[in-house]
Number of protein chains: 2
Amino acid sequence: MRFASELKIIFMSKDKNRSNCPISCSLELWGDKWSLLIIRDLMLAKQCTYGDFLKSEEKISTNILAARLKTLEQHMVIEKLEHPNSKSKVLYKLTKKGIELLPILVEINLWGEKYYADIPDKTKALLKDVKKDKKSFIRRTIKKLDID
Amino acid sequence: MRFASELKIIFMSKDKNRSNCPISCSLELWGDKWSLLIIRDLMLAKQCTYGDFLKSEEKISTNILAARLKTLEQHMVIEKLEHPNSKSKVLYKLTKKGIELLPILVEINLWGEKYYADIPDKTKALLKDVKKDKKSFIRRTIKKLDID
DNA sequence: TTAATTCACTTGCAAAACGCAAGTGAATTT
DNA sequence: AAATTCACTTGCGTTTTGCAAGTGAATTAA
């Protein structure tokens with residue numbers, strides 16, 4: 001099935017967009033309940049293994065995780081790296097395109113903080129930092145993520 | 001069924017969240033391929049009828065639209081108004097909570113503009129304005145949406 | 001050196017969500 | 001009075017999700 005499924009990607013590359021609206025196009029790629037959580041994990045941890053994602057609080061199921069990782073990789077939002085000291089482990093990290101989703105995640109975080117209760121202390125602390133100087137927070141975080 | 005379905009909202013209010021992460025909670029509410037397009041339409045048009053949403057380029061199907069409008073209303077992101085000169089029409093508009101999604105939509109728009117081609121001229125013009133002064137754009141747009 | 005464990009996935013299957021087309025009843029227009 | 005518009009609802013086939021169990025390669029433990 002390897003070859004067949006790769007052909008599928010090349011020739012049937014998920015037909016036409018609904019529209020050229022950048023919001024609509026973006027949602028077609030990562031507009032679901034899981035993709036941005038994967039991105040979030042990578043923003044916080046810089047690099048994650050498959051198992052790391054599974055350990056996250058929201059308990060994504062393994063088949064969904066595999067599917068999301070595949071399409072995010074196909075669309076170059078994330079990339080795979082080989083683990084420095086293990087052939088059986090795989091490292092995932094954000095590409096530049098993925099890192100640039102940070103401002104979106106920041107705004108979602110701020111909105112969510114305003115309308116949901118019992119925000120974890122760790123998140124609160126982070127958002128306090130964000131609110132002190134949003135631009136600087138984003139610049140600093142991107143810098144951290146950018147270095148290999 | 002009116003009363004029964006309202007009881008359902010009160011007593012069976014869609015059990016537990018996956019986590020208290022504000023991103024995760026936000027995605028549970030509007031993390032799908034359609035909700036933010038409804039919000040987008042309301043940001044641009046200020047008020048929409050049911051039919052207006054159906055006319056949007058992305059062609060949401062009517063049952064999905066009805067479902068999304070219901071949950072967005074239940075969570076007080078949008079509200080219904082009676083149409084000034086027709087009993088058969090319904091007007092939808094954003095609440096304060098909904099209006100405050102604007103920064104998220106702006107960032108999605110900017111990201112999407114960067115990574116997708118053939119962005120409509122109207123959107124390009126809007127984003128040019130955004131990039132000139134993001135804060136001012138958001139302030140002005142919120143002001144416009146706020147006035148009844 | 002072999003057996004157990006870990007790792008990144010895949011597979012099967014039931015349940016839920018989606019997408020399309022057609023239908024409904026009240027309000028409005030012709 | 002009849003036709004049309006309006007905001008939905010309903011039915012139904014297809015797709016996606018979520019859960020549990022399985023797979024094979026790599027690593028660790030015995």
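Every heavy atom of this structure was used, including side-chain atoms; hydrogens, water molecules and symmetry mates were not. The chains referred to below are lettered A, B, ... by the order of the sequence lines, with proteins before strands, and numbering in each begins at 1.
The pair A:E113-A:K128 does not count as a salt bridge, with every side-chain nitrogen at least 4.0 angstrom from each carboxylate oxygen. No salt bridge links B:K16 with B:E28; every basic N to acidic carboxylate O contact stays at or beyond 4.0 Å. Using a 4.0 Å cut-off between a side-chain N of Lys or Arg and a carboxylate O of Asp or Glu, A:R140 and A:D133 do not qualify as a salt bridge. Salt bridge present: A:D32 and A:R68 bring a charged side-chain N and a carboxylate O closer than 4.0 Å.
With C:dT28, D:dC8, D:dT27 as the choices, the nucleotide that has an atom nearest any side-chain atom of B:K87 turns out to be C:dT28.
A:D32 has its CG atom 16 Å from the C1' atom of C:dA16, to the nearest Å. Following rounding to the nearest Å, A:H83 (NE2) and D:dA25 (P) show an atom-to-atom distance of 21 Å. Here the C1' atom of nucleotide D:dT23 and the OH atom of A:Y50 are 13 Å apart, to the nearest Å. A straight line from CG of B:L27 to P of D:dT17 spans 14 Å, rounded to a whole angstrom. Atom-to-atom, CG of B:L91 to P of C:dA27 comes out at 17 Å; the value is rounded to the nearest Å. As a whole-Å value, the separation of A:E28 CD from D:dT16 P is 13 Å. Put simply, CG on B:L81 is 13 Å from P on D:dA7, counting in whole angstrom units. Atom-to-atom, CG of A:D52 to P of C:dC9 comes out at 12 Å; the value is rounded to the nearest Å.
Taken to the nearest 0.5 Å, the CE atom of B:M43 stands 12.5 Å off from the CD1 atom of B:I38. Between atom CG of residue A:L44 and atom CG of residue A:L126 there is a gap of 7.0 Å, rounded to the nearest 0.5 Å.
For the pair B:Y92 and D:dC8, the criterion of a side-chain N or O lying under 4.0 Å from OP1 or OP2 is met. Contact annotation: A:K80 reaches the phosphate of C:dC9 (side-chain N/O to OP1 or OP2, under 4.0 Å). Between B:S88 and D:dT5 there is no side-chain N or O to OP1 or OP2 distance below 4.0 Å. Between A:W34 and D:dT17 there is no side-chain N or O to OP1 or OP2 distance below 4.0 Å. Contact check, B:T49 against D:dA7: a side-chain N or O comes under 4.0 Å of OP1 or OP2.
Applying side-chain contact (heavy atoms from CB on, under 4.5 Å) to A:I23 and the options B:I39, B:T123, B:I108 leaves one that passes, B:I108.
Within a heavy-atom distance below 4.0 Å of DNA chain C, the residues of residues 53-69 of chain B found are B:S61, B:T62, B:N63, B:I64, B:R68.
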